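These notes are about the structure you will find just below.
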There are 2 protein chains.
Amino acid sequence: MEEHTGKKNYEVDWNEYLPGVAIDCVIFGYHEKVLKTLILEYKETDFFALPGGFVLKDENLDEAASRVLFERTRLQEISLNQFYTFGSLSRFNPEPMRIVMQKNGLEPTKSHFLLQRFMSTGYYALVDFKEAEPIADFLSDSCQWYDIHDLPSLLWDHEQIIQKALESLRENIDHRAVGLNLLDDEFTMRELRNLYETILGKELNRSGFHRKMVNSGRLNRIGKKNTGKAHRSPYLYRFNT
Amino acid sequence: MEEHTGKKNYEVDWNEYLPGVAIDCVIFGYHEKVLKTLILEYKETDFFALPGGFVLKDENLDEAASRVLFERTRLQEISLNQFYTFGSLSRFNPEPMRIVMQKNGLEPTKSHFLLQRFMSTGYYALVDFKEAEPIADFLSDSCQWYDIHDLPSLLWDHEQIIQKALESLRENIDHRAVGLNLLDDEFTMRELRNLYETILGKELNRSGFHRKMVNSGRLNRIGKKNTGKAHRSPYLYRFNT
DNA sequence: ACAAAAGTGTTATAACTACACCCATGT
DNA sequence: ACATGGGTGTAGTTATAACACTTTTGT
């Protein structure tokens, strides 16, 4: 159907999409104590932005978010979390997109679908850094992981969107099994705590964290132990859902 | 400019609005231990729905919500809280609106603005029951307060929207001065507790609530006391922001 | 005097913090 | 043996819940 670099422009029939409505995905991954998110770089520009997309006329808003996630990562069945809808006038700035389209050999009319004003609903997803295969779309030549604290300058209000996603993730961290996708199936309490500390941006008490996690009842301790270093081997845990 | 029953249809130029994007307002009021919300009844039908509206092309999403609130209540400077954007396909059902328009003497084409599929962003507001003047719009002949637990059957997914607004209000109840608009300027601890119990749908411990509110530091105790009943007079409190 | 409801106090429990101590492991 | 770091235990603090007691007020 399409190659790995995504759809060709001429295959896109913008009439299939709802006008005015967009979605942006903040796709969180975690690797070596760093929280990362997928960022697109548009071709032949210094423009960076969140992976986003539009809503098909016969598609739920949530499904559009799942589809965008799939198109950029090939991941499916990932829980997506709607956190806010961005609709200020100040985010309406078609100029960068016009330049991007020009660089791709297009000369869009002023009323081209991609140059409209959009509301954008933000979703965040937690995905396995190792399982995701970042795939650029037809206007961009890379889709890469960036440290959440070392992002390039992003177009439009996308930095604000990431900030809001992070706030939402922090608020939800205790209500959801955050580690489920961000960590390996089996992990030590240390690894889980590192993840929490990275997300929350602060150190957590070691014994308190241990107790809290065990008391939450969401973890199963695997009989096995880990090895390698010159100290007591930690237990391995697994989420029980 | 327009009379109290709202804009006449022929004054509305739908080209001024963004397609595909709507907002719905859950306007909460409180009176005599009952949490209420404003509901529109469409003319000559048994159709009830939330007050809603669309987004002008030169207007922020938040501003559209404020405008809708103003148009239905004449209230301004009320803080509105965005809680969710509803975008499932199942909410797309233009038939009731087509009937409403017919009852109003219109014979809309199938692609009329009002018969499109919309995403709808939900906002809730807390307003002073006594200060709001409910005003119907041009398609409806009433805009009235209904007990949140005794609503008429609502069109589309509007019952779900109210439910989600209520959940959001409950989650935010401790972070915001909920009583600020829902109660009089000065109130007793009993009145504040009644409000909380109504919103949360459960009884709260009397002394615990008292302490929690006082310790929150958001209340000022007014020297004056209240009178009337055969028991100790309660103090009056006021929010200090 | 009494009932009613507000203000205040006491105690028990739970959750989190900080720190200490013990245990397993590789050098 | 020793350092390292994970597991566990012990106060101290704080927040909440449940209940009792005291105060004020009109009948």
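Chain identifiers are assigned alphabetically (A, B, ...) following the order of the sequence lines, protein sequences preceding nucleic acid strands; residue numbering begins at 1 within each chain. Given the structure is predicted, the values throughout are model-derived calculations rather than measurements.
At least one side-chain nitrogen or oxygen of A:His210 sits closer than 4.0 Å to the OP1 or OP2 atom of D:dT8.
A donor-acceptor distance shorter than 3.5 angstrom exists from the side chain of A:Arg170 to the backbone of A:Ile199, with no hydrogens or angles considered. Not a single donor-acceptor pair under 3.5 Å links the side chain of A:Asp184 to the backbone N or O of A:Glu186.
Side-chain contact, B:Tyr30 with B:Asn181: no donor N or O sits under 3.5 Å from an acceptor N or O.
Other residues, nucleotides and ligands place no more than 12 heavy atoms under 6.0 Å from the CG atom of B:Asp46. For A:Lys33, the NZ atom is loosely surrounded, since the number of other residues' heavy atoms within 6.0 Å does not exceed 12.
Taking the ring centre of A:Phe86 as origin, the terminal cationic atom of A:Arg91 falls outside the region bounded by 6.0 Å and 45° from the ring axis.
Where B:Arg206 and A:Arg206 each meet DNA chain C at their nearest nucleotide, the meeting point lying more 5' is that of B:Arg206. When each of A:Phe209 and B:Tyr235 is assigned the nucleotide of DNA chain C with its nearest heavy atom, B:Tyr235 is the one assigned upstream, toward the 5' end.
Per the geometry, NE2 belonging to A:His231 stands 6 Å off P belonging to D:dG5, to the nearest Å. The separation between A:Arg232 atom CZ and C:dC23 atom P is 8 Å, rounded to whole Å. Distance A:Asn215 CG to C:dC16 P: 8 Å, rounded to the nearest Å. Whole-Å rounding puts the A:Leu204 CG to C:dC16 C1' distance at 12 Å.
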**Prompt:** What string of B, S and - do you get for nucleotides 11-17 of chain D 5' to 3' if you count protein non-hydrogen atoms under 4.0 Å?
**Reply:** -------
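A heavy atom lying under 4.0 Å from DNA chain C marks none of the residues of residues 182-203 of chain A.
Residues A:Phe187 and A:Phe239 bring their aromatic ring centres within 6.0 Å.
Between A:Arg67 and A:Glu71, at least one side-chain N (NZ, or NE/NH1/NH2) sits under 4.0 Å from a carboxylate O, which counts as a salt bridge.
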